[in-house]
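Report on the structure given below.
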Amino acid sequence: MTKVLTVYYSRKGENYFGGSIRSIEKGNTERVAEFIQKAVGGDLFELETVREYAKDYHECTNEAAQEKKSNARPALKKLPECIDEYDVIFLGFPNWWGTAPMPVFTFLDAFDFSGKKIAPFCTNEGSGMGSSENDIRKECPGANVLSGLSIRGSDAGKSETKAAAWAKQVLK
């Protein structure tokens, strides 16, 4: 039996929605992660940074750009105890500056993903997966990193059918 872990990093508060900034109570990536977990079961784990990003969207994007430039690994509040029992890891994140946010790389650096299947998914407003799939492959030698699922953030709340179909296909 395949053991599944859905891990995600998501931003609540100010987000970009097709040309404007609006505040949301639940992050777009969190919504998609919940749809995936509902469709295929397994465990759900949220990555949270020790130091919160700026509440202001534009300040947050500046912080994210600096982190990417310095290849930072922001501290996380907690990590899963162990990932050994999992066969498939669904890995969700917003696309920040063309790839996964640096807290996702903090998670990836913490474990050996050899022999694991990693299925990345991201939310964005048109930039797709960016270089995230290749970046994850570089970070996780020995893992089978699949082609990811890109969901427009402003459509995240109505992406359940698309996310569920993709997740079920990953497990075939």
Side-chain angles (χ1 to χ4, degrees), residues 5-36 44-83 89-114 116 118-143 145-157 159 163:
L5 173 64
T6 301
V7 176
Y8 68 94
Y9 177 78
S10 192
R11 177 171 167 84
K12 301 166 184 71
E14 287 190 1
N15 273 261
Y16 183 79
F17 281 83
S20 63
I21 306 295
R22 66 177 225 228
S23 188
I24 54 176
E25 290 186 31
K26 182 181 280 197
N28 297 319
T29 307
E30 181 177 7
R31 289 181 186 281
V32 178
E34 289 174 348
F35 293 150
I36 289 169
L44 188 64
F45 189 90
E46 180 181 11
L47 300 174
E48 298 175 275
T49 54
V50 170
R51 185 189 64 76
E52 289 188 19
Y53 288 95
K55 303 273 186 234
D56 179 86
Y57 175 79
H58 296 291
E59 286 179 43
C60 176
T61 61
N62 289 336
E63 291 171 355
Q66 285 303 111
E67 284 183 350
K68 181 181 178 196
K69 185 178 180 181
S70 67
N71 202 28
R73 295 298 187 264
L76 299 174
K77 290 182 180 179
K78 61 184 176 187
L79 287 164
E81 281 186 34
C82 182
I83 64 162
I89 290 109
F90 288 95
L91 181 62
F93 47 87
N95 181 329
W96 283 7
W97 296 104
T99 192
M102 294 298 102
V104 172
F105 292 99
T106 302
F107 165 72
L108 294 175
D109 284 351
F111 298 102
D112 179 2
F113 290 88
S114 297
K116 308 274 183 215
I118 300 175
F121 62 97
C122 82
T123 56
N124 59 84
E125 280 302 303
S127 53
M129 295 299 295
S131 65
S132 62
E133 294 154 320
N134 286 332
D135 296 340
I136 293 166
R137 282 185 190 98
K138 288 177 194 167
E139 206 70 29
C140 302
V145 180
L146 306 178
S147 293
L149 173 69
S150 172
I151 300 280
R152 187 172 287 278
S154 52
D155 293 336
S159 68

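Positions are given from 1, in the same order as the sequence printed here.
Residues T99 and F105 are in side-chain contact: their nearest non-hydrogen atoms beyond the backbone lie under 4.5 Å apart. In this structure, E67 and P103 have side chains that are in contact, with non-hydrogen atoms separated by less than 4.5 Å. Residues L76 and T49 are in side-chain contact: their nearest non-hydrogen atoms beyond the backbone lie under 4.5 Å apart. Using a 4.5 Å heavy-atom cutoff, the side chains of Y53 and R51 are in contact. Contact of the R11 side chain with the C60 side chain is registered, since non-hydrogen atoms from C-beta on lie closer than 4.5 Å. Taking 4.5 Å as the limit, some side-chain heavy atom of T6 sits within range of a side-chain heavy atom of F121. Contact check for F113 versus I136: no side-chain heavy atoms found under the 4.5 Å cut-off. Using a 4.5 Å cut-off on side-chain heavy atoms (C-beta onward), L91 and L108 make contact.
Going from atom OG of S10 over to atom CG of L47 covers 10.5 Å, rounded to the nearest 0.5 Å. From F107, atom CZ reaches atom CD1 of I89 across 6.0 Å, with rounding to the nearest 0.5 Å. The line from CZ of F35 to CD of E30 is 10.5 Å long, rounded to the nearest 0.5 Å. Rounding to the nearest 0.5 Å gives a distance of 12.5 Å between OG of S132 and CD of E139. Of the inter-residue distances, the one linking I24 atom CD1 with E14 atom CD reads 10.5 Å to the nearest 0.5 angstrom. Distance check, rounded to the nearest 0.5 Å: OG of S20 to OH of Y57 gives 10.5 Å.
Judged purely by atom type and a 3.5 angstrom limit, N15 uses its side chain to pair as donor or acceptor with the backbone of G13. Side-chain atoms of S127 do not come within 3.5 Å of backbone N or O of G98 as any donor-acceptor pair. Of the possible polar contacts, none joining the W97 side chain to the Q66 backbone as a donor-acceptor pair under 3.5 Å is found. Side-chain atoms of E125 come within 3.5 Å of backbone atoms of G18 as a donor-acceptor pair (strictly under, hydrogens ignored). At distances below 3.5 Å, at least one donor-acceptor pair connects side-chain atoms of K116 with backbone N or O atoms of I83.
Counted by atom type alone, N28 and R31 present zero donor-acceptor pairs between their side chains at under 3.5 Å. Checking S159 against D155 by side-chain atom types alone, no donor-acceptor pair falls below 3.5 Å. Between E133 and S147, the side chains place no donor N or O within less than 3.5 Å of an acceptor N or O (distance only, hydrogens not considered).
The heavy-atom pair separating A143 from I118 by the smallest distance is CB-CD1, 3.9 Å. Closest approach of L146 and P120 over heavy atoms only: O-CD, 3.4 Å. Annotation for P94 and P101: closest pair O-CD, 3.1 Å, computed over non-hydrogen atoms. Nearest heavy-atom pair across G148 and M129 is CA-CE, 3.8 Å. Residue M102 comes nearest to A72 through the heavy atom pair CB-O, 3.3 Å, listed as atom of the first residue, atom of the second, then distance. The two residues S150 and N124 make their nearest non-hydrogen contact at OG-ND2, 2.8 Å.
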Between F111 and L79, does a side-chain contact (heavy atoms from CB on, under 4.5 Å) hold up when you go through it step by step? CA-CA 10 Å; F111 298 102; L79 287 164; 4.3 Å; yes
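Within 6.0 Å of atom CZ in R22, 12 or fewer heavy atoms from other residues, nucleotides or ligands are found, so the atom counts as exposed in its surroundings.
The residue from F45, F93, W96 that alone fulfils the ring-ring contact (aromatic ring centres under 6.0 Å, His included) condition with Y9 is W96.
Between E46 and K12, at least one side-chain nitrogen of the basic residue sits less than 4.0 Å from a carboxylate oxygen of the acidic one, meeting the salt-bridge criterion.
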